[in-house]
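This report refers to the structure that appears directly beneath it.
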Amino acid sequence: MFSLFQYDFFINALYAAVLAAISCGIVGTYIVSKRIVFIGGGLSHASFGGIGLGYYFGFNPILGAAVFAVLSALGIEYTTKKASIREDSAIAILWAFGMAVGIIFVYITPGYAPNLMSYLFGSILTVSHLDLYLLIGLSILLILFFTTFFKPILYVAFDEDFARTQNIPVTKINYLLMSLIALTIVFNIRVVGIILVISLLTLPQIIANLFTKNFLTIILASIVIGLAGTLGGLAISYYLDIPSGATIIFFLVILFLIGRIVKWILSRR
Amino acid sequence: MSKKLVEIQSLSVAYNGDNVLKDVDLDIYENDFLGVIGPNGGGKTTLVKAILGLAKPVSGSIQLFFDKGSIGYMPQISRFDTKFPISVFDVVLSGMAGKGKLPGKLSKKGQNKAKELLEQMGVIHLRKKAIGELSGGEMQRVFLCRSLISQPELLILDEPNTYVDNQFERDLFNELKKLNDRMAIMLVSHDVGTIAYYIKTIACVNRKLHYHPSNIITEKQLAAYDCPLQIITHGDVPHTVLKEHDKS
Ligand SMILES: Nc1ncnc2c1ncn2[C@@H]1O[C@H](COP(=O)(O)OP(=O)(O)O)[C@@H](O)[C@H]1O
Ligand SMILES: [Mg+2]
């Protein structure tokens, strides 16, 4: 095992695991508490449009994905507040649009698309330095934002109308959080892939929520559980030689089942 | 002459082009205890939201002659996600969010005030629980604490007597009667019988608003106001709403 630490790619994977756990732990708690998991699923799929454009026009696909996801997030927030389109319809349309654009542009890109699988299914062992810098910047931003505005965020998420009566800048906070959700999803795509990234933002929280109903405790517990999931999954995938992204999520599902059993035993005593 | 707090002039509010409120006029003064009644879907909640700035008027005006942060608001409970991970204490503290410089940074004073109110309402022992772990009555008490912690000049309660037992209802209304010395109260209910004894004046809301400057109202008057309501009174509440035959 120790010999592994000599490899840069392995060290990078460890950094990615820690940063993924932090960013997903914070943002995922907001997503699960506010019951907007479907929005998260929509954003991750919508971002594929940006990946396709990145391949075709030759810029970094993750940056394309970030633009697509943030614009989709702002669009969803705007639509549901201002227009008379149902929120789930707006999400379904952006979800489909992003995937379709992505597939078409990947297809018409000459030659073959390197690393395409790593975007779809994740590949924590091949995260680049840029991926890590993006994750570090995001994690710092999230920690600063959530520690400075913890109470207003909590109040807005719980009861938006009441928060408005308290002169809290609800609209600004909502747009900002939607953008941060989009960025968190996109920057974690390299860890577990577009299809499973929303699981990394929900499974740790669902497990934590089995044992605590406190917002802050759920965040902290989710970071620990997320770290156990990414590191455990990474180790298992390495030794069994199976895809890391899927293994991480599978391992988290197992942790959830264990959590349920533990809770069941505790409640019987 | 007491101070005017709210002035609403020919207010209309619409959702998707349908008028929910039409040409509503209403003034609220500092010692008012206004009962807002009307059938379900009549627009009572919409009127409250318009006063709070949560629903945009299509025409007309709403003027507040005091700071908006000085409205205490207790929303209809059915609206909450009771699974949300927030503690009772935090719910109450959120009623002070508008007061500090940085929203959410709380003084020791605010925390003490919250404890004091929870104590008064008999729910202090629940302060560390998640809001969803409480019964309907306990939850209502907590939301009342939240609406009172900012020491409002106007207290607006939207159907506070749903999901609670008769005992709590009477305690609540008696408490409101005391609070009325210090603040104006606007109490929304779809059931005029239970609140009539406590209120001073009545507004009947059914798309239009008819103001009734007394707490005594007859079924015939209600019908004339296009506010068809069944009058139900509970046991020992003094009978201030009259059915036609009662008047003779
Ligand atoms: N956000 C909304 N969007 C569309 N229609 C609404 C909305 N809120 C309320 N309505 C409609 O407006 C009408 C009045 O509702 P409301 O003010 O809640 O009545 P009340 O509180 O008297 O029961 C109802 O027909 C309701 O369906
Ligand atoms: Mg209502």
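Any value given below was found using the heavy atoms of this structure, including those in side chains, with hydrogens, waters and symmetry copies removed. Sequence lines set the chain letters: A, B, ... in the order given, protein chains first and strands last, and positions in each chain run from 1.
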Legend entry - Top contributor to chain A contacts, counting heavy-atom pairs under 4.5 Å, from B/Ser147, B/Gly95, B/Gly132: B/Gly95
Inset, instruction - For A/Tyr78, look at atom OH and say whether over 12 heavy atoms of other residues, nucleotides or ligands are found less than 6.0 Å away. - result: no
Legend entry - Between A/Phe150 and A/Phe215, ring centroids under 6.0 Å: yes
Legend entry - Per-residue contact mode, A/Leu154 against chain B (heavy atom under 4.5 angstrom): both
Legend entry - Region of A/Ala157 that comes under 4.5 Å of a non-hydrogen atom in chain B: both
Legend entry - A/Tyr175 OH: over 12 foreign heavy atoms closer than 6.0 Å: yes
Legend entry - Most chain A-contacting option - heavy-atom pairs closer than 4.5 Å, from B/Asp90, B/Leu52, B/Asn16: B/Asp90
Inset, instruction - Please state whether the side chain, the backbone, both or neither of B/Ile86 comes within less than 4.5 Å of a heavy atom of chain A. - result: both
Legend entry - Proximity breakdown for B/Phe143 and chain A, heavy-atom pairs closer than 4.5 Å: side chain
Inset, instruction - Please work out which of the three classes, parallel, tilted or perpendicular, describes the rings of A/Trp95 and A/His45, given edges at 30° and 60°. - result: parallel
Legend entry - Whether over 12 other heavy atoms sit under 6.0 Å from B/Lys68 NZ: yes
